[in-house]
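Below is one structure, written out as structure tokens; the observations come after it.
Just the heavy atoms: all of them, side chains too, but no hydrogens, waters or symmetry mates, feed the values below. Numbers here simply count residues along the sequence, with the first being 1.
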Amino acid sequence: MGYNTIKYETNENIGKLTINRPDALNALNSEVLDELDNLLNEIKNDKDLRVLIITGEGRSFVAGADIKEMSVLSPIEANKFGKKGIGVFRKIETLPIPVIAAVNGFALGGGCELAMACDIRIASEKALFGQPEVGLGIMPGFGGTQRLQRLVGQGWAKYLILSAENIKAEKALEIGLVQDVVEKERLEERVNELAKSIAKQAPIAVKLAKEAINTGGQTDIDSALRIEELAFGMTFSTEDMKTGTEAFVNKQKAEFENK
């Protein structure tokens with residue numbers, strides 16, 4: 001299927017999704033969200049894929065939602081637009097495979113929210129993060145008020161959202177919004193290294209671990225430990241578990257087959 005606003009390619013078991021509106025700094029409009037939604041359905045059904053990378057074309061990751069489109073929306077239309085964005089980002093967050101955001105530049109508004117919907121965020125030293133919506137008379141609408149506080153705590157979430165201030169990559173690393181910051185020239189290399197490192201692990205165990213983290217993080221500790229206990233037990237029903245433990249005992253390298 002062809003796309004106008006995004007690009008997608010795979011290399012072995014790693015997928016790369018690029019938001020491709022560089023002239024608009026990759027701003028998210030309805031067309032981008034619709035195309036993302038369709039592609040994510042394909043990705044979810046790809047049983048060979050083990051990791052997904054999301055990035056932006058040119059000097060921006062995603063500079064935000066398309067203000068020109070949003071400026072003429074009625075309250076009802078704005079609600080539908082927000083619902084669409086929330087649905088797409090939730091689909092990213094709940095993909096069974098790990099998703100890495102390669103934040104190459106501006107990650108503002110909807111762009112910051114897109115990055116936060118990913119499991120891991122690796123940023124270029126040139127990246128800029130922020131939720132500037134209140135400066136436009138609106139507020140985050142693609143999950144920003146909820147994911148940001150879960151990642152960095154309510155204090156920093158309120159600071160960034162209520163002040164509309166942007167922060168550089170190093171500050172984002174300091175407060176826990178991103179996991180690593182590298183030179184601009186090394187971003188692709190660093191993200192590919194991480195993707196390959198994840199992809200070579202036991203796929204079913206990786207998927208179960210992600211699900212346990214996501215689900216357990218939204219409940220009380222006793223319920224969360226029960227979730228982990230059940231997922232842990234499920235890994236022992238896989239051929240990959242036998243492959244991995246036997247390779248370890250025999251001091252060999254495990255080759256997992258996703259079974």
Mind checking whether [X] and [Y] have side chains closer than 4.5 Å, heavy atoms only?
X: Glu183; Y: Ser124; value: no
X: Ile54; Y: Ile100; value: no
X: Gln146; Y: Leu151; value: no
X: Trp156; Y: Gln149; value: no
X: Asn26; Y: Pro22; value: yes

Report task. May I have the step-by-step check of side-chain hydrogen bond (donor to acceptor under 3.5 Å, both in side chains) for Asn41 and Lys91, ending in yes or no? Result -> CA-CA 9 Å; Asn41 289 333; Lys91 193 170 286 190; 3.0 Å; yes

Can you check whether [Y]'s main-chain N or O pairs, donor with acceptor, with [X]'s side chain at less than 3.5 Å?
X: Thr18; Y: Asn20; result: no
X: Thr94; Y: Arg90; result: yes
X: Asn11; Y: Ile14; result: no
X: Asn79; Y: Pro75; result: no
X: Asn258; Y: Pro203; result: no
X: Glu77; Y: Ser74; result: yes
X: Asp37; Y: Leu33; result: no
X: Thr219; Y: Gly216; result: no

Check ion pair [X]-[Y] (N to O, under 4.0 angstrom):
X: Lys7; Y: Glu35; answer: no
X: Lys259; Y: Glu257; answer: yes
X: Lys168; Y: Glu125; answer: no
X: Asp180; Y: Arg121; answer: no
X: Glu239; Y: Lys242; answer: no
X: Glu57; Y: Arg21; answer: no

Report task. May I have the step-by-step check of side chain to side chain contact (heavy atoms under 4.5 Å, CB included) for Ile120 and Ile122, ending in yes or no? Result -> CA-CA 7 Å; Ile120 301 169; Ile122 308 297; 4.0 Å; yes

For [X], is the [atom1] atom crowded, meaning more than 12 foreign heavy atoms sit under 6.0 Å from it?
X: Gln252; atom1: CD; answer: yes
X: Lys84; atom1: NZ; answer: yes
X: Glu211; atom1: CD; answer: no
X: Glu228; atom1: CD; answer: no
X: Lys44; atom1: NZ; answer: no
X: Arg59; atom1: CZ; answer: no

Report summary line: Minimal heavy-atom distance between Pro132 and Ala164, with the atoms involved, is CA-CB, 3.8 Å

Report summary line: Between Cys112 and Phe129, the two heavy atoms sitting closest are SG-CD2, 4.4 Å

Under a plain distance cut-off of 3.5 Å, with no hydrogens placed, do [Y] and [X] share a side-chain donor-acceptor pair?
X: Asp220; Y: Ser223; result: yes
X: Thr55; Y: Asn104; result: yes
X: Ser30; Y: Glu69; result: yes
X: Glu31; Y: Thr5; result: no
X: Arg150; Y: Gln218; result: yes

Report task. Decide yes or no on side chain to side chain contact (heavy atoms under 4.5 Å, CB included) for Asn192 and Ile53, but give the supporting numbers first. Result -> CA-CA 8 Å; Asn192 286 338; Ile53 297 168; 3.6 Å; yes

Would you kindly confirm whether [X] and [Y] end up in one hydrophobic cluster when ILVMFWY residues are joined by side chain heavy atoms under 4.5 Å apart?
X: Ile97; Y: Leu40; result: yes
X: Ile167; Y: Met116; result: yes
X: Ile138; Y: Val62; result: yes
X: Val134; Y: Tyr159; result: no
X: Leu52; Y: Leu194; result: no

Query - CA sep, side-chain torsions, deciding dist, call: Asn13, Val51, side chain to side chain contact (heavy atoms under 4.5 Å, CB included) - result: CA-CA 7 Å; Asn13 45 24; Val51 183; over 6 Å; no

Requested in this report: Examine Phe142 together with Phe81 and report whether their ring centres are nearer than 6.0 Å.
Outcome: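 Yes, ring centres under 6.0 Å apart.
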
Requested in this report: Drop me the distance from Leu25's CG to Ile19's CD1, to the nearest 0.5 angstrom.
Outcome: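 Reported value, rounded in 0.5 Å steps: 13.0 Å.
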
Query - Trace of the side chain to side chain contact (heavy atoms under 4.5 Å, CB included) decision for Ile67 with Leu136 - result: CA-CA 9 Å; Ile67 304 303; Leu136 301 173; 3.6 Å; yes

